[in-house]
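Residue numbers start at 1 and run along the sequence shown.
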Amino acid sequence: MSRKLLYVTLCIQLFILAACTEKEVKVPLEDVGMVGIIAFDYIDKDSMKLTVAIPQYSPEAQRSTQTFTVTTELVSNGIVKIEKLSDKKIVFNQLRVVLFNEEFARQGNIRKVLQHLYRNAEVGNKVLIAIVKEKGEEMLKYNYPDKPNINFYLNDLLQPSINTAFNPNTNIHDFMYTISNPVFDPIIPFIDKNSDKIEIKGIAVFKGNQMIELITPNEALIIQAIQGRKNLAPLDIKMEQGHGKEKLLIDLVENDVQIESNKNMHSPKLTIALTIKGTLSEYKGERENDLFTIESLAELEKDVNKELEQDIKKFLDKLNEWQVDPSGLSEYFRMYHRGKWTTEKKQEIISKVAIDVQVKTSIISTGTLK
């Protein structure tokens, strides 16, 4: 009897659900404009220029990408304006890249826009972000002869790659996490158009909501090493440690890091110990013919240690002067702090922390040198 009653109850519930459900409105695929890239350019404190790039899959289309540009005060109003210009319904399910021009980033307006996109259910958390030197609109509308589609071109350029020396590859989730975390400051790739190509020129460092400076790809690699990334991009090293000018490339780099804090908020000190292993794939210098013995490689390792220690220390001192912490070093003091940790506390610690850097390099082979 109970089974029959349960069956009847389920049937009644299904009937009610079916009766209450509205008929789904399906939009034909050819009537949908799937935005691949969206760019924001600064105009003034009240308005911005919004540009979208939409791939065209129809064989009858004369251009592979359709672009629309409007001036707006709000992102939502801008999308409404673009839908009025387009013959399609604008959706963001296939959004791959978000661009901001440099002035927009320096004015501190990025967070507000990305929060809006982050809350949009159509936008994925892994959408990549980049800063453009001039105008995002110009970058999207420019013709790249050997690239069939700007949407795929920019997405592939910004994707993680072991051979991309800087490799921050910041997505929306990364940015929102770091900018809302009082231990970190965000970093974003900085790109520019060079002739018919787009190049990654460096990495933008943020202090709070504002972009303040650019760092080099090699400096960004230091951030990754300190954060504990196990496999690093190739190390391109230039040094003068008593053997003239030398250039070398260490490939297949394995990294291990140990960081210790003195736990002192008034006189903070950190010890960073990096252990690096890799293959010496290229070398140019006066020791070129003497790198095939254990003794000669040991001597080279010592010089590499000195050079890397100097470079890392110099870079970290620069970050401390700016009072920014993209590596999250202030975490080693926050964990011993009682009470609420604030961005101001982070900046105070970073501005006066003394850092001791110790590097141990192991060249496990000489690769193609032999």
A.B. asks: Measure from the side-chain N and O atoms of Asp251 to the backbone N and O of Ser281, and report whether any donor-acceptor pair falls under 3.5 Å.
C.D. replies: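 Not confirmed, Asp251 side chain does not pair with Ser281 backbone.
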A.B. asks: Taking all atoms of both residues into account, what is the closest heavy-atom pair of Gln227 and Pro326, and its distance?
C.D. replies: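 In terms of heavy atoms, the two residues are closest at NE2-O, 3.0 Å.
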A.B. asks: Could you state whether Val80 and Val113 fall into the same hydrophobic cluster, counting links through intermediate Ile, Leu, Val, Met, Phe, Trp or Tyr residues with side-chain heavy atoms under 4.5 angstrom apart?
C.D. replies: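 Different clusters.
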A.B. asks: Determine, stepwise, if the pair Thr361 / Asn305 fulfils side chain to side chain donor-acceptor pair (under 3.5 Å).
C.D. replies: CA-CA 6 Å; Thr361 305; Asn305 291 341; 2.7 Å; yes
A.B. asks: In Å and rounded to the nearest 0.5 Å, what is the CD1 to CG distance from Ile54 to Asn151?
C.D. replies: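 Spacing of CD1 (Ile54) from CG (Asn151) equals 9.0 Å.
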A.B. asks: Donor-acceptor check, side chain of Asp41 to backbone of Lys135, threshold 3.5 angstrom: yes or no?
C.D. replies: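 No; zero donor-acceptor contacts below 3.5 Å.
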A.B. asks: Looking at Ser330 and Val183, would you say the former's side chain and the latter's main chain have a donor-acceptor pair under 3.5 Å?
C.D. replies: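 Yes, because the side chain of Ser330 sits within donor-acceptor range (under 3.5 Å) of the backbone of Val183.
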A.B. asks: Report yes if the side chains of Asp196 and Asn143 come closer than 4.5 Å at any heavy-atom pair, otherwise no.
C.D. replies: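 The answer is no, as the side chains (C-beta and beyond) never meet within the 4.5 Å cut-off.
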A.B. asks: Does Asn101 use its side chain to pair, donor to acceptor, with the backbone of Glu134 at less than 3.5 Å?
C.D. replies: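 Judged by distance alone, yes, a pair lies under 3.5 Å.
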A.B. asks: When you measure from the centre of the six-membered ring of Phe190, is the NZ or CZ of Lys201 closer than 6.0 Å and no more than 45° off the axis?
C.D. replies: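 No - Lys201 does not lie over the ring of Phe190 by the 6.0 Å and 45° rule.
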A.B. asks: So does Ser296 get a backbone contact from the side chain of Thr293, meaning a donor-acceptor N/O pair under 3.5 Å?
C.D. replies: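 It does hold such a pair.
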A.B. asks: Is it the case that the side chains of Gln241 and Glu307 hold a donor-acceptor pair, with the cut-off being a distance below 3.5 Å and no angle test?
C.D. replies: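 Yes, side-chain donor-acceptor contact under 3.5 Å.
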A.B. asks: Output the distance between atom CD (Gln210) and atom CD (Gln107), rounded to the nearest 0.5 Å.
C.D. replies: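 So the gap between those two atoms works out to 7.5 Å.
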A.B. asks: With side chain to side chain donor-acceptor pair (under 3.5 Å) as the test, would you mind laying out the steps for Asn264 and Asn262 before giving the verdict?
C.D. replies: CA-CA 5 Å; Asn264 191 325; Asn262 68 347; 5.5 Å; no
A.B. asks: Ignoring hydrogens, what is the shortest heavy-atom contact between Glu137 and Thr51? Give both atom names and the distance.
C.D. replies: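 In terms of heavy atoms, the two residues are closest at CB-OG1, 3.5 Å.
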A.B. asks: Do the side chain of Asn255 and the main chain of Arg229 share a donor and acceptor less than 3.5 angstrom apart?
C.D. replies: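 Looks like yes, one N/O pair under 3.5 Å.
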A.B. asks: Do Ile172 and Leu128 have side chains that approach each other closer than 4.5 Å (heavy atoms only, starting at C-beta)?
C.D. replies: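 The answer is no, as the side chains (C-beta and beyond) never meet within the 4.5 Å cut-off.
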A.B. asks: Kindly compute the distance separating CG (Leu316) from CD1 (Ile222), expressed to the nearest 0.5 Å.
C.D. replies: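 One gets 7.0 Å once the value is rounded to the nearest 0.5 Å.
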A.B. asks: Is there side-chain contact between Asn125 and Asn171, with heavy atoms separated by less than 4.5 Å?
C.D. replies: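 A side-chain contact is absent here, since even the closest heavy-atom pair is not under 4.5 Å.
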A.B. asks: Apply side chain to side chain donor-acceptor pair (under 3.5 Å) to Ser47 and Asp44, showing your working.
C.D. replies: CA-CA 5 Å; Ser47 58; Asp44 54 45; 3.0 Å; yes
A.B. asks: So how far is it from His116 NE2 to Ser76 OG, rounded to the nearest 0.5 Å?
C.D. replies: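 With rounding to 0.5 Å, NE2 (His116) is 3.5 Å from OG (Ser76).
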A.B. asks: Indicate yes or no: does Arg106 engage Glu102 in a salt bridge with an N to O separation below 4.0 Å.
C.D. replies: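 Judged by the 4.0 Å cut-off on N to carboxylate O distance, Arg106 and Glu102 do form a salt bridge.
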A.B. asks: Keeping to residues at least two apart or across chains, list the salt bridge (charged side-chain N to carboxylate O under 4.0 Å, His left out) pairs with something in residues 231-250.
C.D. replies: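 Checked against salt bridge (charged side-chain N to carboxylate O under 4.0 Å, His left out) - neighbours excluded - the pairs reaching residues 231-250 are Glu246-Arg287.
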A.B. asks: When clusters are formed by joining ILVMFWY residues with side-chain heavy atoms under 4.5 Å apart, either directly or through shared neighbours, do Leu319 and Ile259 land in the same one?
C.D. replies: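 Result: yes, single cluster for both.
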A.B. asks: Under a 4.5 Å cut-off applied to non-hydrogen side-chain atoms, are Gln115 and Met176 in contact?
C.D. replies: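 SC-SC contact between Gln115 and Met176 confirmed.
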A.B. asks: For the residue pair Asn155 and Gln159, confirm or rule out a side-chain donor-acceptor distance under 3.5 Å.
C.D. replies: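 A pair is found: one side chain offers a donor N or O, the other an acceptor, under 3.5 Å apart.
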A.B. asks: Does the side chain of Leu235 come within less than 4.5 Å of Leu249's, by heavy atoms?
C.D. replies: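 No - every pair of side-chain heavy atoms lies 4.5 Å or more apart.
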A.B. asks: I'd like to check Lys318 versus Glu219 (side-chain heavy atoms, cut-off strictly below 4.5 Å). Are they in contact?
C.D. replies: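 The answer is yes; the side chains approach within 4.5 Å.
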A.B. asks: A quick test of your reading: do over 12 heavy atoms of other residues, nucleotides or ligands sit less than 6.0 Å from CD of Gln358?
C.D. replies: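 Yes - once you tally the heavy atoms of other residues, nucleotides and ligands closer than 6.0 Å, there are more than 12.
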A.B. asks: Which of these, Glu295, His243, Met239, sits in a side chain to side chain contact (heavy atoms under 4.5 Å, CB included) with Leu300?
C.D. replies: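 Answer after filtering Glu295, His243, Met239: Met239.
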A.B. asks: For Tyr153, which residues count as a ring-ring contact (aromatic ring centres under 6.0 Å, His included) partner, sequence neighbours excluded?
C.D. replies: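 For Tyr153, the residues satisfying ring-ring contact (aromatic ring centres under 6.0 Å, His included) (neighbours in sequence not counted) are Tyr144.
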A.B. asks: Quickly, which of Lys141, Lys49, Lys81 forms a side chain to side chain donor-acceptor pair (under 3.5 Å) with Thr69? Name it, please.
C.D. replies: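 Answer to the side chain to side chain donor-acceptor pair (under 3.5 Å) test with Thr69 among Lys141, Lys49, Lys81: Lys141.
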A.B. asks: Which distance, rounded to the nearest 0.5 Å, do you find between the CD of Gln94 and the CD of Glu122?
C.D. replies: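 Between atom CD of Gln94 and atom CD of Glu122 there are 10.5 Å.
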A.B. asks: Not counting sequence neighbours, list each pair that qualifies as a ring-ring contact (aromatic ring centres under 6.0 Å, His included) and has a residue in residues 80-103.
C.D. replies: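 Residue pairs with at least one partner in residues 80-103: Phe40-Phe100, Phe100-Phe104.
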A.B. asks: Where is the tightest heavy-atom contact between Ile179 and Gly208, given as atom of each residue plus distance?
C.D. replies: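 Minimum heavy-atom separation between Ile179 and Gly208: CD1-O, 3.6 Å.
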A.B. asks: Treating Ile, Leu, Val, Met, Phe, Trp and Tyr as nodes and any side-chain heavy-atom pair under 4.5 angstrom as an edge, say whether Leu74 and Ile110 lie in one connected cluster.
C.D. replies: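 In one cluster with Leu74: Ile110, no.
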A.B. asks: Please give me the minimum heavy-atom distance between Ala225 and Leu232, naming the atom from each residue.
C.D. replies: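 Looks like CB-CD1, 3.9 Å.
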A.B. asks: Could you tell me if the side chain of Thr279 sits less than 4.5 Å from the side chain of Thr366, heavy atoms only?
C.D. replies: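 No. Closest side-chain heavy atoms not under 4.5 Å.
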A.B. asks: With side chains defined as the heavy atoms from C-beta onward, is the minimum distance between Trp322 and Lys207 less than 4.5 Å?
C.D. replies: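 No, their side chains stay 4.5 Å or more apart.
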A.B. asks: Testing the basics here: between Glu286 and Asp290, what is the closest heavy-atom pair and its distance to 0.1 Å?
C.D. replies: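 Between these two residues, the closest heavy atoms are O-OD2, 4.4 Å.
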A.B. asks: Could you pull out the closest heavy-atom pair between Ile203 and Thr216, with the gap in Å?
C.D. replies: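 For Ile203 and Thr216, the tightest heavy-atom pair comes out as CD1-O, 4.0 Å.
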A.B. asks: Could you please spell out the steps behind the salt bridge (Lys or Arg N to Asp or Glu O under 4.0 Å) verdict for Lys197 and Asp146?
C.D. replies: CA-CA 9 Å; Lys197 299 289 190 297; Asp146 60 339; 3.2 Å; yes
